[in-house]
Amino acid sequence: MDDRIELFRGDITVLNVDAIVNAANNSLLGGGGVDGAIHRAAGKELLEECRLLNGCATGDAKITKGYNLPAKYVIHTVGPVWSGREEDAQLLKSCYIRSLEIASENGIKTIAFPNISTGVYRYPKDEAAEIAINTVNDFLKNHSIPGKIIFVVFDDENYRIYKNLLNG
Ligand code: ADP
């Protein structure tokens, strides 16, 4: 496992990093879960910037400023609603890759990811964690930035799963 990968248990909105990733929906106009928490903490200017982006396709990502957040940027990505079909895994993987590509393009050195799709979108948490960790670890093999990637776990089940996979 790349030693630039870290685990943090808690609320992603408190992190003082260059960018936090938002598990958004296709409209990019806010929602519940981590998306709601990010918009509440960032303030209404975030929604104003998001309105200009014309939404985002599933598996893709778009960047905005972080406004009142300690993080300088928010990278909004849209995970798949879990369907049990094969394309779910490809779309979830693409969320991590596109977010990391956008981070690299913007010189972002520290980035924090929530557990995309594992809330309202119902992706099985163990499978989602494996995809998240493997995708980030593979990306880091041929990229020198970001210099730090934090997986943020909010619920007990994800905490247990990530701890096992990262320490194993
Ligand atoms: P999705 O629609 O992609 O499933 P959710 O926001 O419903 O997005 O859930 C994604 C993950 O974010 C879940 O694992 C949930 O526990 C977690 N989560 C919810 N609030 C926060 C928060 N404030 N900080 C970090 N993670 C959060």
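A quick note: this is a predicted structure, and the numbers were derived from the prediction, not measured. Each ligand, and each atom within it, is numbered from 1 in the order the structure gives.
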task = Keeping the roles fixed (side chain from S117, backbone from P80), state whether a donor-acceptor pair exists under 3.5 Å.
result = yes

query = Between the main-chain N or O of A132 and the side-chain N or O of T135, is there a donor-acceptor pair closer than 3.5 Å?
reply = no

Can you give me every donor-acceptor pair (side chain of residues 29-48, partner residue at least two apart or in another chain, under 3.5 Å) with its distance?
{"unit_1": "D35", "atom_1": "OD1", "unit_2": "N22", "atom_2": "ND2", "d": "2.9"}
{"unit_1": "D35", "atom_1": "OD2", "unit_2": "G31", "atom_2": "N", "d": "3.3"}

ask   = Does an N or O anywhere in F154 fall below 3.5 Å from an N or O of ligand 1?
value = no

Taking atom 8 (O) of ligand 1 as the reference point, the nearest protein heavy atom with its distance = A23 CB, 3.9 Å

ask   = Does R122, backbone or side chain, put an N or O under 3.5 Å from an N or O of ligand 1?
value = no

task = Among all protein heavy atoms, pick out the one at the shortest distance from atom 6 (O) of ligand 1; state its residue, atom name and that distance to 0.1 Å.
result = V34 N, 2.9 Å

note = Counting heavy atoms under 4.0 Å, the part of N25 that contacts ligand 1 is neither

remark   = min-distance protein heavy atom vs atom 10 (C) of ligand 1 -> N115 O, 3.4 Å

ask   = Are R9 and D156 ion-paired here, with the side-chain N under 4.0 Å from a carboxylate O?
value = yes

message = So, taking the atom named CZ in F151 and the one named CD in E6, what distance separates them when rounded to the nearest 0.5 Å?
response = 11.5 Å

note = of all protein heavy atoms, closest to atom 7 (O) of ligand 1 is V120 N, 2.9 Å

query = Does D35, backbone or side chain, put an N or O under 3.5 Å from an N or O of ligand 1?
reply = no

ask   = Do R98 and E101 sit within salt-bridge range, that is, some charged N less than 4.0 Å from a carboxylate O?
value = yes

